[in-house]
There are 2 protein chains.
Amino acid sequence: MTGLRERKKEATRQALRAAALRLAMERGPENVRVDDIAAAAGVSKRTYNNYFASREDAIVAAVTAEREARVATALADRPAAAGLADAVIDAVVEQYTDPGGQARDALLMITASPALRASYTGTAAMIEGPLAEAITARCPGVDPLTARVLSAAVGAAVKVALQQWLEPTGPPPSPAGLVVPAGSLPDLLRAALAPLVPALEAAGRHS
Amino acid sequence: MTGLRERKKEATRQALRAAALRLAMERGPENVRVDDIAAAAGVSKRTYNNYFASREDAIVAAVTAEREARVATALADRPAAAGLADAVIDAVVEQYTDPGGQARDALLMITASPALRASYTGTAAMIEGPLAEAITARCPGVDPLTARVLSAAVGAAVKVALQQWLEPTGPPPSPAGLVVPAGSLPDLLRAALAPLVPALEAAGRHS
DNA sequence: GCCAATTCTTGCGTGCGCGCAACTTTGCGT
DNA sequence: ACGCAAAGTTGCGCGCACGCAAGAATTGGC
């Protein structure tokens, strides 16, 4: 049952996300005060902070919205015959394949701002809760603590992949081109998740 | 070479930690302003924030100081014959065995304050960097990205264990006593790290 | 010993996060 | 249809994090 209350709430959340992204894109992220976002969404500054805990959250939320839910359903949609490791990896990587829309420009802006980068990598942790539930749903026999740990490990791996992906590539032009050719994000994600495969497989067998 | 500069820096850092802990213990964490800590340590409020990014950091740092370095040396001290998984787990668990000193009282205060709890669990992530270096030092053949991912996974598992350990055990008195008997922290840590053993062993073999 | 370069400290100003206490809106039972 | 309880919004105020630029201290070379 979808009451009026929840619909209004989701509407203002959406309005705040949209306003934050729009203002950040046209003025640059640094020239956007939280009052501006709130005003653009027709709500008070205080209410903004009831929805988002920091100024950057609304901006990145415009890009990462619903990712937690989508990763959960994606995992649930994998064929039950598939191994846990493959199912999890595919479900996660799927969430980070660029749709190529305006999200591309937004991501470009995010990578350009250190504060937004930090917030963006931080969102990787948000998938942990839903992912744990999805894992227990798929493998009912697995220990809840194990599910939580594996989800946290996956979240951490994703975070590492994101950090590596948008690493500053600072002034020292890297001792060798070997370190990482800044490959595509999906490839990087698979590489980062690979070390966890044995742990996921072991847990999947004990389901 | 230990210059005067670094010694002074470490001295003020230590003074800030000590002052923060002392004031928090005698007044309660809520009644300590950051100005008070700075004043007690004989520096300005601005300087405090040059050393610690938040008010809680100094307090928890008084308890967790040097943990990153200690976990690294602990891992290096394990016999080279031991498997990577056992070495890592023992090294990590060792850092969270209560020395029983005044740290006990401090931890009690931390567990009582939600803000401090959050900061404390957050410190688990700080071991990731040194842990990754220690892993590559022990297993030179392992891919740097793998080392980083495994360290992040270990940090995430520790975080989960800490959260579970000082979980609020809210008003709903738990449907069953089964969920967790709030066992000792070392046991909880081993349980949380157990799911990662296959991943660590696999990486250790590819060294 | 002295000087220039690096590094650290400090005050100030701005914006932000959030607790609190009114007030308004929504939900639901009768 | 009415009214009460639950949930949401808003203004206010406090403390905090941090950029910035000026001043003080430490360092290494001479």
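What you see below is based on every heavy atom in this structure, not just the backbone, and it leaves out hydrogens, waters and symmetry mates. Protein chains get the first letters and strands the later ones, always in sequence-line order, with residue 1 at the start of each. Just so it is clear, the structure is predicted and the values come from calculations on it, not from any experiment.
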Discussion item. For Leu16(A) versus Ile37(A), what's the shortest heavy-atom pair and its separation?
Written reply: O-CG2, 3.8 Å

Worksheet item: Do you know the tightest heavy-atom contact between Gly155(A) and Glu128(A)?
Response: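 Shortest heavy-atom contact: CA-OE2, 4.1 Å.
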
Discussion item. Is the shortest side-chain heavy-atom distance between Arg46(A) and Asn49(A) below 4.5 Å?
Written reply: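 Result yes, sub-4.5 Å side-chain heavy-atom pair found.
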
Fill in: pair Leu4(A)-Arg7(A): side-chain heavy atoms closer than 4.5 Å
yes

Using atom [atom1] of [X] as one end and atom [atom2] of [N] as the other, report the distance to the nearest whole Å.
X	N	atom1	atom2	result
Arg55(B)	dC16(C)	CZ	C1'	16 Å
Asn31(A)	dC16(C)	CG	P	12 Å
Arg33(B)	dG13(D)	CZ	P	18 Å
Leu4(B)	dT26(D)	CG	C1'	7 Å
Asp35(A)	dT10(D)	CG	P	13 Å
Arg7(A)	dA7(D)	CZ	P	18 Å
Tyr48(B)	dG15(D)	OH	C1'	13 Å

Worksheet entry | Main-chain N/O of Ala147(B) paired with Ser151(B) side-chain donor or acceptor, under 3.5 Å |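 Looks like yes, one N/O pair under 3.5 Å.
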
Discussion item. List the residues meeting side chain to side chain donor-acceptor pair (under 3.5 Å) with Gln102(B), not counting sequence neighbours, and say none if there are none.
Written reply: none

Worksheet item: Of Leu116(A), Leu166(A), Thr121(A), which is the lone residue that meets side chain to side chain contact (heavy atoms under 4.5 Å, CB included) with Ile110(A)?
Response: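 The residue from Leu116(A), Leu166(A), Thr121(A) that satisfies side chain to side chain contact (heavy atoms under 4.5 Å, CB included) with Ile110(A) turns out to be Leu116(A).
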
Discussion item. Nearest to the side chain of Lys45(B), heavy atoms from C-beta on, is which of dG17(C), dT10(C), dC16(D)?
Written reply: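 For Lys45(B), the side-chain atoms sit closest to dC16(D).
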
Can you check nucleotides 6-8 of chain C for protein contacts, nitrogen or oxygen pairs under 3.5 Å, and list what you find?
{"unit_1": "dT7(C)", "atom_1": "O4'", "unit_2": "Arg5(B)", "atom_2": "NH2", "d": "3.4"}
{"unit_1": "dT7(C)", "atom_1": "O2", "unit_2": "Arg5(B)", "atom_2": "NH2", "d": "2.6"}

Worksheet item: Which sits closer to the 5' end of DNA chain D, Val43(A) or Val32(B), going by the nucleotide each is nearest to?
Response: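 On the 5' side of the pair lies Val43(A).
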
Does [X] have a side-chain nitrogen or oxygen under 4.0 Å from the phosphate oxygens OP1 or OP2 of [N]?
X	N	value
Asn49(A)	dC18(C)	no
Ser44(A)	dT10(D)	yes
Lys8(B)	dT26(D)	yes

Worksheet item: Contact class for Arg46(B) (heavy atom, under 4.0 Å): base, sugar-phosphate, or nothing?
Response: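 If one applies the 4.0 Å heavy-atom cut-off, Arg46(B) turns out to touch a base.
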
Discussion item. Tell me which residues in residues 19-29 of chain A lie within less than 4.0 Å of DNA chain C, going by non-hydrogen atoms.
Written reply: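 Per residue number, the list is empty: none.
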
Worksheet item: Does the cation-pi check pass for Arg55(A) over Tyr48(A), that is, NZ or CZ under 6.0 Å from the six-membered ring centre and within 45° of its axis?
Response: no

Worksheet item: Taking the six-membered ring of Tyr96(A) as reference, does the NZ or CZ atom of Arg67(A) fall below 6.0 Å from its centre and within a 45° cone about the axis?
Response: yes

